[in-house]
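The structure appears right after this line, and notes come after that.
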Amino acid sequence: MNKELSPQYDSKQIEDNIYKIWEESGYFNPDNLPTTHKKPFTIIMPPPNANGSLHIGHALFVTLQDIMIRYQRMRGRKTLWLPGADHAGFETQVVYNKKLEKEGRSFWEIPREQLYNEIKDFTLANKKYMEGQLKKLGASCDWSREKFTLDEDVKKVVCETFEKLYNDGLVYRAEKPVNWCTKHQTTLSDLEIKYEEKQDKLYYIKYKVSPSASSGQVDEYIEVATTRPETIPADIAVAVHPKSKWAKFIGKKVINPLTKKEIPVLSDMVVDLTFGTGALKITPFHDPVDFMVWQNHKNEITIQPFSVINQYGKMTAEAGTDLAGLKVKEAREKSIELLRPVLVKEPEDYKHQVSVCYKCGTTIEPRIMMQWFVKMTEKPAGNPSAKLRTRKSLRDLAVDAVKSKKIKFIPARFEKIFMHWMKNLHDWNISRQIVWGIQIPVWYCQDKTNEICKKNDGVIVSSKNPEKCPHCGSNNLKQETDVFDTWFSSGQWPYATLMTTKECDFKKYYPTDVMETGWDILFFWVTRMIMFGLYRTGKIPFKDVYLHGLVRDKDRQKMSKSKGNVINPLEVAEIYGTDAVRMALIVGTTAGNDPIISEDKIRGYRNFATKIWNASRFVLMNYKKIDVKPKLTSADKKNLKDLESAKKKITKYLDKYDFNHAAETAYHYFWHTLADKVIEQSKPRIKSENLADAAAAQETLIKILGESMKLLHPFMPFITEQIYQILPTTKEKSLLMIEKW
RNA sequence: GCGCCCUUAGCUCAGUGGUAGAGCGUUUGCAUGACACGCAAAAGGUCAUAGGUUCGAUCCCUGUAGGGCGCACCA
């Protein structure tokens with residue numbers, strides 16, 4: 001055979017062109033779809049973080065969502081797939097911080113405004129690059145409606161929600177224990193910390209009972225077990241379990257072994273009798289449990305709690321001259337040196353879980369800070385605002401929607417996981433001390449002459465700049481510098497996007513049909529979207545939640561640059577074709593489980609693309625107009641029947657989100673039925689002198705090929721569209737993309 | 001501590017209350033006028049383990065073992 005007529009399909013030559021044809025057709029935009037497309041079908045694309053490039057995990061979500069969209073579009077639905085990008089506040093700032101470190105610049109020395117603008121340029125450049133990547137992957141989304149989490153109109157919606165939450169008493173400002181990352185200089189929500197097992201020491205320290213209060217005996221003391229002796233200077237009490245052997249000292253005083261100050265002995269059930277000594281030192285500003293104990297015993301404790309560790313993880317002057325200035329770790333050693341005379345025994349090795357920053361692994365310092373919180377489990381206070389149709393807590397709104405099956409999870413087991421998490425919800429700290437994000441819409445009146453201003457610290461919550469204080473008229477206002485936790489804004493994504501498109505899509509396309517995203521952000525994102533969606537609009541944001549897993553390599557390893565096992569979707573798409581990459585991601589992958597992908601697997605589906613190409617070539621090469629009425633044989637009829645049953649099967653699978661089986665069925669049908677059987681059987685007949693039979697064979701072939709292209713299109717859109725375009729049965733200017741399924 | 005999940009062919013995974021499936025890999029033929037990125041065939045599994053329910057269980061229930069993961073204020 002002539003080598004120049006390569007029998008192999010060259011994806012590179014056609015993909016860009018096909019995408020261009022689709023884009024120019026305008027059919028990505030539901031408004032341009034033929035009038036036969038009626039009922040809407042909507043997916044809001046989870047906005048990728050615009051702080052890098054798309055990886056294979058993104059390719060997975062693009063493929064899954066594109067399959068749903070293309071399938072529904074072919075079924076005649078008015079399909080809207082709304083793309084977007086996320087500024088990804090903290091994550092992006094971390095990425096940019098690293099970038100600066102590499103360049104030898106100091107993140108902390110750059111003025112806030114300059115830093116913001118630099119990160120903005122960086123983010124917008126990434127965003128643009130990612131858009132190109134999405135197109136390469138064949139995403140048939142409506143670019144005319146693209147949104148960004150920092151669009152002014154989106155920010156406005158987000159800030160309005162905050163204001164509404166505040167007015168309903170669901171947002172509050174308070175000084176409470178929060179997670180502080182000493183490296184990134186910001187607080188983090190409870191979800192943004194992880195626990196690491198660490199080998200530490202458990203120290204047993206004598207707290208001498210104050211002689212003035214004791215029964216006259218000299219050497220009486222309480223033994224306290226702690227892993228953090230460096231915080232002893234901030235101890236303001238000792239709590240013991242009422243049934244512990246220390247109970248007799250309840251109400252008396254002990255001497256703080258470092259500051260020598262008298263501190264009270266409290267009784268509290270939180271102290272675990274079976275752990276340590278049954279006595280707990282109370283350091284409210286460095287431990288959340290201690291903070292709670294302090295709150296419950298305020299009238300028994302005269303000393304105001306204070307902090308001995310600063311925001312950089314170093315000891316403050318309040319820690320005393322011996323410790324001041326030392327890092328926490330050094331202070332721990334130093335304090336033990338000082339405490340040696342009062343140690344009960346040698347410290348024990350102790351393995352425990354320590355909370356660390358999920359990004360950098362730095363040990364989290366619990367700190368008490370004035371922060372903004374969202375109430376998750378309490379009902380709105382006072383008169384709910386007009387639009388609020390319910391008086392349920394944010395949690396109950398979401399729980400009820402899932403319980404009543406208004407929102408379904410695929411796979412269903414995530415419903416249990418969802419419920420379990422919702423049960424243990426705590427209030428959500430949404431303020432971050434970073435520059436990259438949406439500034440919290442709060443102003444503080446600096447004059448505070450008015451009583452109201454005095455009472456609430458001059459807080460003015462307003463989704464737009466108030467210019468002057470509504471209480472005293474002062475124009476001496478200062479805006480809050482903290483920004484929102486990114487998930488506070490992305491948690492509003494479904495309605496924030498649809499409310500701000502110029503076509504006013506909210507009415508038409510909300511609630512959306514499916515939310516397709518990774519299970520790893522179920523708590524970060526999905527739960528919040530459900531809560532905010534119901535709270536703000538009174539309606540669920542989506543009906544079904546399809547959760548996919550994390551893409552792994554053939555040894556089940558997570559992909560990471562350091563392991564060198566990352567697959568860049570665009571690189572492999574360049575070599576094997578986008579269609580092959582998409583198939584490799586779908587076949588063998590079930591909802592909620594981690595897809596496994598390797599170059600071998602992609603190569604396998606590249607082979608399939610070649611097979612499609614060659615089978616089509618065969619059909620086309622042998623197709624010529626015969627002016628005889630085709631006479632279908634029983635074999636032809638059976639073949640057409642097989643096609644119908646394959647079509648039914650695939651449809652059934654697609655309708656229940658079983659993309660794995662849908663794709664596999666289409667693959668199997670094409671290769672092992674159409675190519676191996678139908679084509680093989682047709683060979684002698686095509687050349688037959690019985691023209692009616694030859695025509696029948698041809699007609700059957702071309703019909704089956706055309707239908708097969710439809711069945712494969714959602715999965716492998718490029719090659720199928722290309723073949724459809726050259727089929728003799730295709731009408732001028734028509735596109736497979738909107739052919740009827 | 002509370003909770004979720006997994007264990008099926010050499011590998012990666014599907015699946016069903018009634019003789020076990022796919023892809024890749026392996027073996028054996030084939031340079032067959034679409035395709036060697038191919039064609040035709042073949043080998044390969046007490047479906048982790050012990051009980052129970054059932055006429056019948058890989059599938060349902062209980063326990064056990066191994067593995068993965070989520071949540072959590074044990075100093």
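Order of the sequence lines sets the chain letters (A, B, ...), proteins ahead of strands, with each chain counted from 1.
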Closest approach to the side chain of [X], judged atom by atom: which nucleotide of [options] is it?
X        : options                : answer
A:Leu280 : B:rA34, B:rA75, B:rA14 : B:rA75
A:Asp676 : B:rC39, B:rA75, B:rA72 : B:rC39
A:Val289 : B:rC73, B:rA34, B:rA14 : B:rC73
A:Trp671 : B:rG15, B:rG38, B:rC5  : B:rG38
A:Trp519 : B:rA75, B:rC35, B:rC69 : B:rC69
A:Lys416 : B:rC71, B:rC5, B:rG15  : B:rC5

With a cut-off of less than 4.0 Å, is there a side-chain N or O of [X] near OP1 or OP2 of [N]?
X        : N      : value
A:Thr610 : B:rC35 : no
A:Tyr203 : B:rA75 : no
A:His426 : B:rC73 : yes
A:Tyr195 : B:rC73 : yes
A:Lys423 : B:rA72 : no
A:His672 : B:rG23 : yes
A:Lys683 : B:rA34 : yes
A:Lys687 : B:rG33 : no
A:Asn424 : B:rC73 : no
A:His352 : B:rA75 : yes

Taking atom [atom1] in both [N] and [M], compute the distance separating them and give it to the nearest angstrom.
N      : M      : atom1 : result
B:rU64 : B:rC4  : P     : 15 Å
B:rC11 : B:rU26 : C1'   : 12 Å
B:rG21 : B:rC2  : C1'   : 38 Å
B:rG66 : B:rU58 : P     : 24 Å
B:rC60 : B:rU8  : P     : 15 Å

Handout entry: Side chain A:Glu680 and base B:rA34 donor-acceptor under 3.5 Å
Key = yes

Exercise for the section: Hunt down any stem RNA chain B takes part in, defined as 3 or more consecutive Watson-Crick or G-U pairs whose two distances are each under 3.5 Å. Expected result: B:1-7 with B:65-71, B:10-13 with B:21-24, B:26-30 with B:38-42, B:48-52 with B:60-64

Does a side-chain N-to-carboxylate-O contact under 4.0 Å join [X] and [Y]?
X        : Y        : result
A:Lys652 : A:Asp655 : no
A:Arg685 : A:Asp636 : yes
A:Glu223 : A:Lys345 : no

Exercise for the section: List in chain and number order the residues that pass side-chain hydrogen bond (donor to acceptor under 3.5 Å, both in side chains) with A:Asn639, two or more places apart in sequence or in another chain; answer none if no residue qualifies. Expected result: A:Gln681

Practice task
Tell me, please, which residues at least two apart from A:Lys329 pass salt bridge (charged side-chain N to carboxylate O under 4.0 Å, His left out).
Solution key: none

Practice task
Quick one: closest heavy-atom pair of A:Lys601 and A:Val587, and the distance?
Solution key: NZ-O, 2.9 Å

Handout entry: 5'-most by nearest nucleotide on RNA chain B - A:Tyr605 or A:Asp272
Key = A:Tyr605

Exercise for the section: Tell me, please, whether A:Trp613 has A:Lys611 positioned over its six-membered ring: NZ or CZ under 6.0 Å from the ring centre and within 45 degrees of its axis? Expected result: no

Practice task
Walk me through it: do A:Phe275 and A:Tyr350 pass the test ring-ring contact (aromatic ring centres under 6.0 Å, His included)?
Solution key: CA-CA 12 Å; A:Phe275 184 87; A:Tyr350 179 53; 5.7 Å; yes

